[in-house]
Amino acid sequence: MSLLKTTATLIPKPSSTSTFDSLQCGTLLQSLTNSKSLTQALQLHAHVTTGGTLRRNTYLATKLAACYAVCGHMPYAQHIFDQIVLKNSFLWNSMIRGYACNNSPSRALFLYLKMLHFGQKPDNFTYPFVLKACGDLLLREMGRKVHALVVVGGLEEDVYVGNSILSMYFKFGDVEAARVVFDRMLVRDLTSWNTMMSGFVKNGEARGAFEVFGDMRRDGFVGDRTTLLALLSACGDVMDLKVGKEIHGYVVRNGESGRVCNGFLMNSIIDMYCNCESVSCARKLFEGLRVKDVVSWNSLISGYEKCGDAFQALELFGRMVVVGAVPDEVTVISVLAACNQISALRLGATVQSYVVKRGYVVNVVVGTALIGMYANCGSLVCACRVFDEMPEKNLPACTVMVTGFGIHGRGREAISIFYEMLGKGVTPDEGIFTAVLSACSHSGLVDEGKEIFYKMTRDYSVEPRPTHYSCLVDLLGRAGYLDEAYAVIENMKLKPNEDVWTALLSACRLHRNVKLAVISAQKLFELNPDGVSGYVCLSNIYAAERRWEDVENVRALVAKRRLRKPPSYSFVELNKMVHQFFVGDTSHEQSDDIYAKLKDLNEQLKKAGYKPDTSLVLYDVEEEIKEKMLWDHSERLALAFALINTGPGTTIRITKNLRVCGDCHTVIKMISKLTNREIIMRDICRFHHFRDGLCSCGGYW
DNA sequence: CTATTGACTA
């Protein structure tokens, strides 16, 4: 009964009563297949169903199934296929093709096995799709077996089959095997060369792709647009702007004749420019495009985002909406990442409601972007809500959630997400270990962190990378186990990198250990003489001991190496607009009010017992000037701005690009009590939730 | 009667 019901809904009603003979139908179907015209196929289907023509005429039925398969309409194709008793190889091939090319590689393989079972021999038209399906499913064993069958069946020399084998090995990441197959091929066509080039690029061997291109030219082949796509991708990978521009020029010169120019290619050139960090070139090309499709917009928006220009990315997104282009999931992911960068919480939340309104499925990738945005913008509650509602919590989603808990100092929850994930059988990678270890260190969970560090190699055979060591050193160092941290570094299997020494150096600052600080700083300067933050940290340590001569020496070194401290700035979002403040910034239109507010706060805090920690000012100047310098810090400007412009009781969120200064930390704590505000501050390491004179970090920062 | 390669995402 249920079968009858599905049949009734599957087969459309005839729209006219006129009839064709089978031959006419066959010819018509052929042309419909070539033009992939699904609507006309449906009409024809209706005609031939009436009177049972289809049931009687296997030839027609086979053609119709093939037509549906090519159009990607597999339910109808399958329905007809099931009714045909005498299945020839053309029918099998068409079905396998249909599934393999329409996101159902496992169904394609299932049919292939069924075909073998039926005793139908696969041929040169079967294998390309079977190989494609194996490649897409990453079934290495099966893929190799099919390859062997190709050899046994003597179909190795068929160039279509050969190219498909190449492509499959590249999907497996087995560049060597692909190379061997390619070298042994007797016949090579342009697709063989293109497959080789794109295969190298896909496997991170852009240089190899350029070499293959050279060989291809020497062999007398002229590239087509697929060749250019591979080359552009390679240029982006190795940031070869010069060659990239040459290709752009070539496309412009040859484009008008229509041979190489199309939208695909233009979007790829935009992407190439962005990967070469030449977003301005990408922008110029973009503005000149006659037709901008959603991918054109996405490429440029993601380009701005990846180059760290979140404001431009968001501005472009705004323009996209204004001109009526329809953003898709990919747009949303880039825009969320941009919001994430500049802590634009309200804007990010608007994007989420947009996603819901448009009815986009919040798939795992969009969900992960949302969690990251919310967590990084300071709303852990919203991040958790998205995470809890996700039906599929894969590794990246868990990693982002663990990181989120970590930066908010909620180490216990981070650990429990991690173990929950392991319990579900998800295999952990390096990334999630970094996330969970750093979560432990922000919460002072020393034993738990150590346990996880050793578990990593012992139970999951993930070899620790330098980042894991730096997390461990950080974990031990913050908690005051400086000697143990130093011992970890000395016993490392790998060469300690600058992050490891930086972690120890910061711990030395926290626990005022000058001796170890000097050792770490020395190692750090050897590895990276130009990293300014190490010098700053060391002078902080000397300043805390009032060793002004040493402070001066470090400064002289910085001056000699012509290093400059990166500008420190803070963001605060107001009415979906993000305001940025630099140190001592007077450019804001409310600047006078801001400084008046700070002066007022300073007086009130002093009455409440505030003593400025001027040791954090690295200049040996008078106390009074030092004190004034502290009140120029960007986080205070942002805070004063927010206090002026928001009503009582509103939560304030501030983001700083560097580590929050120790004196500012004290000041913000006191202000949270004085003004009765919840203040959420994010710095380069983590979040600080200030409330009622206390901070969530509990000293672990 | 059929085919292989192909840009923007965490």
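In what follows, chains are A, B, ... by sequence order, proteins preceding strands, each numbered from 1.
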Using OP1 and OP2 only, check whether a side-chain N or O of A:S302 sits under 4.0 Å from B:dC8.
no
Results of side chain to side chain contact (heavy atoms under 4.5 Å, CB included) for [X] - residues two or more places apart only:
| X | result |
| --- | --- |
| A:A338 | A:E305, A:A310, A:A313, A:L314 |
| A:F125 | A:N93, A:D123 |
| A:A349 | A:Y374 |

Protein heavy-atom contacts under 4.0 Å, written 5' to 3' over nucleotides 2-7 of chain B as B (base), S (sugar-phosphate only) or - (none), form the string BBBBSB
Touch class at under 4.0 angstrom, heavy-atom based, for A:N88 against every strand present: base
With sequence neighbours left out, the residues meeting salt bridge (Lys or Arg N to Asp or Glu O under 4.0 Å) with A:R283 are A:E287
Residues passing the salt bridge (Lys or Arg N to Asp or Glu O under 4.0 Å) test with A:R184, sequence neighbours excluded, are none
Over how many whole Å does the gap from A:M266 atom CE to B:dC8 atom P extend?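 Taking CE of A:M266 and P of B:dC8, I get 17 Å after rounding.
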